[in-house]
Amino acid sequence: MASIACRFGHKLLCGTVQRPILSSRMMSDKTYNLVTVEKVGEKKNVGLITLNSPRTLNALNDAMIGDVRSAAEDLSEDKDIGCVVLTGKGKAFAAGADIKQMQPMTFQSCTMSGFISNWGQMGKRPVIAAVNGYALGGGCELAMMCDIIYASDKAQFGQPEILLGTIPGAGGTQRLTRAVGKSLAMELVLTGDRINAETALAAGLVSKVVEGDKLIEEAIKTAEKIANNSKLTVAIAKEAVDSAFETTLAQGCLFERKLFYSTFATDDRREGMGAFVEKRKANFTDN
């Protein structure tokens with residue numbers, strides 16, 4: 001959760017990512033204070049949420065997370081949106097939690113307020129984190145709350161909370177260990193060191209590394225592939241993969257099989273298989 005801004009006065013190394021020209025428009029029915037929301041892609045079926053506080057390196061506080069949650073939930077309710085991309089404006093995806101907000105807090109105030117207990121709610125649609133720079137502390141945790149992580153070649157990941165006398169509190173010790181294994185996770189958590197994008201890719205934390213100026217374009221391209229599938233089946237598949245983190249292998253396979261059976265009650269399963277047999281493109285109706 002710690003912000004890199006509080007550490008040693010390091011100079012920022014990551015350049016600002018230049019976003020490609022996109023066919024998009026701002027969502028007209030709602031405005032947000034600390035994020036921007038756009039509908040992008042050829043069919044306008046991808047939601048793009050951008051953390052928009054570059055002067056603070058997109059430091060995460062209650063207001064920022066509230067906007068992210070609200071935007072993700074609003075996009076989930078949009079029948080046209082099939083996938084969401086989350087990124088940050090400027091030199092950081094999110095350089096950590098807002099230390100100024102946390103510094104005066106006590107054990108009692110954290111406990112009574114349920115501090116950061118609601119950070120993991122990202123809506124119902126699949127979310128791709130497009131990490132364009134620093135993803136440290138809470139920023140790394142936020143990226144790991146997403147379903148897929150793409151990174152620019154300038155991205156850096158880490159959990160530097162130990163340097164502030166605390167530990168990750170929004171899933172950092174749990175999701176990071178599941179992603180990269182005990183040894184590397186322990187090293188990062190106990191030292192506060194960072195890893196670059198290529199190391200993160202090799203360790204399994206991210207699924208793709210691309211040049212910075214192509215990051216958003218690549219993330220949206222993948223999001224469009226997801227959004228063009230049946231939203232119903234995508235939701236079922238997402239639930240099946242997520243269950244792998246919560247159950248044993250035997251329980252997970254049983255759960256997967258039951259979800260597989262459930263798709264045979266859907267119009268989209270019949271349409272998809274029918275289209276394959278008839279050698280045509282499937283026309284999914286999300287039913």
Side-chain angles (χ1 to χ4, degrees), residues 1-4 7 10 13-14 51 57-58 60 65 68 84-88 92-97 116 119-122 126-212 215 218-219 222-223 226 237-249 251-253 256:
M1 296 179 297
S3 171
I4 190 64
R7 298 184 58 200
H10 284 304
L13 302 177
C14 304
L51 307 181
L57 301 182
N58 299 318
L60 302 174
I65 291 298
V68 172
V84 174
V85 174
L86 175 65
T87 193
F93 174 75
I116 69 173
W119 277 33
Q121 301 172 19
M122 298 292 290
V127 181
I128 301 173
V131 177
N132 48 300
Y134 288 118
L136 303 174
C140 187
E141 290 171 315
L142 180 61
M144 291 189 292
M145 292 173 196
C146 299
D147 300 294
I148 299 169
I149 303 177
Y150 280 9
S152 79
D153 51 3
K154 302 295 185 182
Q156 296 187 33
F157 299 84
Q159 299 289 164
E161 290 86 350
I162 199 76
L163 303 176
L164 298 176
T166 187
I167 69 170
T173 65
Q174 304 303 300
R175 292 189 176 93
L176 185 62
T177 303
R178 285 166 169 77
V180 306
K182 177 183 176 181
S183 182
L184 181 55
M186 192 72 80
E187 180 180 351
L188 295 177
V189 170
L190 298 187
T191 66
D193 288 347
R194 292 171 276 164
I195 57 175
N196 62 24
E198 291 298 335
T199 301
L201 177 65
L205 181 59
V206 308
S207 59
K208 183 177 288 189
V209 176
V210 298
E211 294 179 9
L215 175 65
E218 284 296 313
T222 298
I226 295 171
K238 173 176 157 59
E239 185 177 6
V241 174
D242 284 341
S243 73
F245 290 93
E246 309 295 338
T247 63
T248 66
L249 178 60
Q251 291 171 326
C253 288
E256 176 193 71

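Predicted model, so just to flag it, every value in this text is computed and none were measured.
With contacts defined as side-chain heavy-atom distances shorter than 4.5 Å, the pair Ile148/Pro126 does not qualify. Annotation: side chain of Val131 is not in contact with side chain of Leu215 (no heavy-atom distance under 4.5 Å). By the 4.5 Å heavy-atom criterion applied to side chains, Leu51 and Val68 are counted as neighbours. Looking only at side-chain heavy atoms (C-beta outward), Phe157 and Val206 come within less than 4.5 Å of each other. For the pair Met145 and Arg175, the minimum side-chain heavy-atom distance is below 4.5 Å.
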Checklist entry - Where do Met122 and Leu86 land on the side-chain contact (heavy atoms from CB on, under 4.5 Å) test, with the steps shown first? => result CA-CA 10 Å; Met122 298 292 290; Leu86 175 65; 3.8 Å; yes
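Taking Ser207 as the reference, nothing meets the side chain to side chain donor-acceptor pair (under 3.5 Å) condition, with sequence neighbours excluded. With sequence neighbours left out, Thr248 forms a side-chain contact (heavy atoms from CB on, under 4.5 Å) with Ala250, Gln251.
Rounded to the nearest 0.5 angstrom, Arg178 CZ and Thr173 OG1 are separated by 8.5 Å. Atom CD1 of Ile149 sits about 8.0 Å away from atom CZ of Phe93, to the nearest 0.5 Å.
At distances below 3.5 Å, not a single donor-acceptor pair connects side-chain atoms of Glu256 with backbone N or O atoms of Ala240.
Of all the heavy atoms in Ala130 and Val85, the pair that sits closest is CB-CG1, 4.1 Å.
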